Amino acid sequence: MDQTTETQKTRLPLYSDAANGNGQGQSAADGDIDIEAELRAFEEAERERLGIKTARRQWADSMLTSEMKREERDKVTLLINGLTDAQMFLVEGALRGVGYNVKYFGMVDNAGLQVGKEFGNRGQCNPTYFTVGGLVKHLIDLRDKDGMSTEDIIKNYVYLTAGACGPCRFGMYVTEYRKALRDAGFDGFRIFFFQQQGGLSQGTGEETGIDMNPEFFIAIVKALVCGDVVNALAYRIRPYEVTPGATDEAKEEVKRILYEALQTKKNIFKALYKARKVFEGVEVDKLRPRAKTSIIGEFWAMTTEGDGNYQLQKFLQTEGGECDIQLTTAWLLYNIWEVARDTRERKHLRGQDGGAYGLHGMEGMDVAKRLATMRLAEQGLRLGFQAFAQPIGLFDYHLPDMDLVAKVAEEYYSNDLRGGEGHMEVGKLIVNSVHAKAHITVSVKPFGCMPSSGVSDGVQSLVTARFPGTIFCAVETSGDGATNFYSRVQMYMFKARILAEEELKRAYVDAGVTEEEVRAFLAKNPKYGNPLHLAPHKVAGSAANLVYEVAPLIKKTLAERTADRARSAAGAVKALVESTPAKVAAAREVFSRPETMEQLREDVSLVSDLVRGKMKDRFGPLVEKLAVKAYFENNRETRTVTREAEPIAAE
């Protein structure tokens, strides 16, 4: 006997059924259910069950509308950090000299990292944790160790930093600061950040107690350039110091000298010359083989000197390296190059481009005037840097040729990609290899850094394949994992150190001298063994270059050297005469171009306005816009939007 089993179809209960007393009644049978109505009914029932049915005030971020009034200036202290120790120390002195209360609270460390991880969002890169955590830790110390009340801290301190959209997490820094400060108990603490457009902004407020005037900018730039030349000279001397720590002692004395000059507005060039005497007192042995090590990569990771990059510079020196660091001045040159290139790329458009680097809103300036301004800015920056470098004794330091770097890199990485250092990482590696600028190039970036990782771990592998013999080491920092970091660097430094030693041995053989002969010569001619002396560039290593420089002085008489110089001069004159017709023809062709004459007219007009004191009226708006970008930013323009405090989340 056949039996048929019928399966009962069931469904979840609907609130409309319950309300109508249907159970599984007619509405289910009809199959016509209003889903939206059911969801609203469910929401209402849950609100009733949880006791949150009444209307509530929405939470709004009060830190967005913070402001510092002008009358607060004498009472409020600006907290700063972020670049190298020397630069931030000198920025403190410079801003104190123009009337601000400023405190540099030191390099961030691992303790700040832990605070950053405690109060910050998950998944951030370690520069975020270090910088955010460093500030929060300092405020906690003011409260818990110094006994200040939270209200006094919020009232009497503000933090000055940089802000941008950024291709990665840099654009979230300000939000991370606010989130961590609020969770740490400092809700309402004021964050001021520089924007690429709109000058100094207070979150979204516009009134500020900080004047973005020429005096303010000049003070900061003087301090940054002073810090650059001090750092570059110290890294040049330290690998060859006879007494360990002597260079650091001299550097601290130099920083104090320059700080006093910046704070009291004394002649900075006299202070630099006084600092030069301090560095000259460091005893050095310049015949030590040292691997010239170029440090590139993500800006913060390659610039910081503390726990943020596992004290990379100090570790490289202990491994036999001579660090060739990247200066902030070079970064400013890159910013100027960006603006000039993007202007040239857009000058043939039929209309104004309103993009981030476009020509819209130039306040009446045309393309030629803007390019003339950029040329003047570049030359002024280069001359200004040398004006600071020469008195302190940083001789023969050549800032990078941005056009050359862009040209050698464009085959491997587009000049239009601007994340991180853009094409500069690629260009620097190629220049280091082709022109024997370094034995090894180390690229350091935070773990997960999108722009730098894409270059270092991707494009650079092709570059090293195209340029055999290039030693390139790409490493990441995460705040922990120092052992693996050091192990990887050590492997590559071993190769570079062997290369430097072989290069020095080859120099002795090629020059026909011995180490003993060179040392005896240096003892009799101390100017060549001076810590500030730099031998002409021939190979990567400083010691080998010194051997090549002094060998002719050891092996040849004065008459022979005079004859060599005469023959060299005669050869140069002959080459000049032979090349003159071609150069004249090339120059005639260049100057016959209409665009060349237009460029010359704009340059002359620009200089004329500068001499007559009309620079501010004619170029003020654009220069201010570009100066803010060049001094404090490295990413695409951020629009500063003013908005009212509005509900953004449930309380």
Side-chain angles (χ1 to χ4, degrees), residues 84 125-127 231-232 234-236 238-239 289-328 330-331 400 405 409 412-413 420-449 451-465 467 469-479 481-501 503 540-542:
T84 66
C125 56
N126 67 302
N231 286 331
Y235 280 114
R236 182 182 284 184
R238 192 179 290 111
R290 291 290 183 264
K292 183 66 73 65
T293 307
S294 176
I295 304 174
I296 65 173
E298 190 271 335
F299 185 79
W300 187 86
M302 73 176 180
T303 303
T304 189
E305 299 171 315
D307 293 337
N309 64 0
Y310 308 118
Q311 302 185 32
L312 174 62
Q313 296 90 336
K314 183 181 295 184
F315 179 73
L316 290 171
Q317 288 169 175
T318 62
E319 291 298 310
E322 177 187 345
C323 295
D324 180 15
I325 61 171
Q326 305 300 318
L327 303 185
T328 304
W331 183 258
V405 173
Y412 305 92
Y413 196 84
E421 282 205 313
H423 63 269
M424 284 208 297
E425 283 195 46
V426 177
K428 289 173 184 175
L429 177 60
I430 296 174
V431 171
N432 288 342
S433 177
V434 173
H435 297 281
K437 296 291 186 180
H439 296 106
I440 178 175
T441 302
V442 177
S443 176
V444 56
K445 70 275 189 187
F447 175 77
C449 176
S452 189
S453 293
V455 175
S456 295
D457 300 332
V459 180
Q460 301 287 39
S461 60
L462 175 61
V463 175
T464 54
F467 296 89
T470 300
I471 302 178
F472 176 73
C473 175
V475 286
E476 291 183 331
T477 65
S478 60
T483 301
N484 292 334
F485 180 92
Y486 289 149
S487 176
R488 180 173 177 82
V489 173
Q490 277 182 320
M491 290 190 297
Y492 285 92
M493 283 301 296
F494 175 77
K495 299 177 184 179
R497 192 166 59 247
I498 295 301
L499 189 63
E501 292 171 356
E503 179 185 76
S542 299

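This structure is a prediction, so every number in the text was calculated from the model and none was measured. All values below were derived from every heavy atom in this structure, side-chain atoms included, with hydrogens, water molecules and symmetry-related copies excluded.
Looking at heavy atoms from C-beta onward, E305 lies out of side-chain contact with I325 at the 4.5 angstrom threshold. For the pair F467 and V434, the minimum side-chain heavy-atom distance is below 4.5 Å. In this structure, the side chains of V463 and F472 stay at 4.5 Å or more apart for every pair of heavy atoms. Under the 4.5 Å side-chain criterion, counting only non-hydrogen atoms from C-beta, T293 is not in contact with H439.
Formation of a donor-acceptor pair under 3.5 Å by the Q313 side chain with backbone atoms of I295 is not found in this model. N309 contributes a side-chain N or O that, together with a main-chain N or O of T304, makes up a donor-acceptor pair within less than 3.5 Å. Using modelled atom types, one side-chain atom of Y310 and one backbone atom of S478 make a donor-acceptor pair closer than 3.5 Å. Looking only at distances, no side-chain donor or acceptor of S433 sits under 3.5 Å from a matching main-chain atom of L429. Of the possible polar contacts, none joining the R488 side chain to the C473 backbone as a donor-acceptor pair under 3.5 Å is found. A donor-acceptor pair under 3.5 Å is absent between the side-chain atoms of Q311 and the main chain of K314, judged by distance alone.
Rounding to the nearest 0.5 Å gives a distance of 11.5 Å between CD of Q317 and CD of E319. Residue M424 holds its CE atom at 9.5 Å from CD1 of I296, rounded to the nearest 0.5 Å. One distance of note links CZ of R497 with CD1 of I471; it measures 11.0 Å at 0.5 Å rounding. Once rounded to the nearest 0.5 Å, the distance linking OG1 of T441 with CG of D324 reads 9.0 Å. In this structure, CD in E503 is found 14.0 Å from CZ in R290, a value given to the nearest 0.5 Å. The OG1 atom of T470 sits 11.0 Å away from atom CD1 of I440, with the distance rounded to the nearest 0.5 Å.
For the residue pair N126 and P446, the shortest heavy atom distance occurs at OD1-CB, 3.1 Å. The two atoms that bring E425 and E298 nearest to each other are OE2-N, 4.2 Å, heavy atoms only. Between M493 and G320, the closest heavy-atom pair is CE-C, 4.3 Å. Residues G297 and S443 come closest through the heavy atom pair CA-OG, 3.8 Å. Minimum interatomic distance between N432 and S294 (heavy atoms only, all atoms of both residues): ND2-OG, 3.1 Å.
Surrounding CZ of F494 are at most 12 heavy atoms belonging to other residues, nucleotides or ligands under 6.0 Å away.
Remark: R238 is positioned above the aromatic ring of Y235, its terminal NZ or CZ atom under 6.0 angstrom from the ring centre and at most 45 degrees off the axis.
Each of T303, T328, T84 was compared with N231 under the side chain to side chain contact (heavy atoms under 4.5 Å, CB included) criterion, and only T84 meets it.
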Please test F315 against Y486 for side chain to side chain contact (heavy atoms under 4.5 Å, CB included), starting from the C-alpha separation and ending with a verdict.
-> CA-CA 8 Å; F315 179 73; Y486 289 149; 3.6 Å; yes
Stepwise, does the side chain to side chain contact (heavy atoms under 4.5 Å, CB included) test hold for F485 with T477?
-> CA-CA 7 Å; F485 180 92; T477 65; 3.7 Å; yes
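Residues E322 and S542 bring a donor and an acceptor atom of their side chains to less than 3.5 Å of each other.
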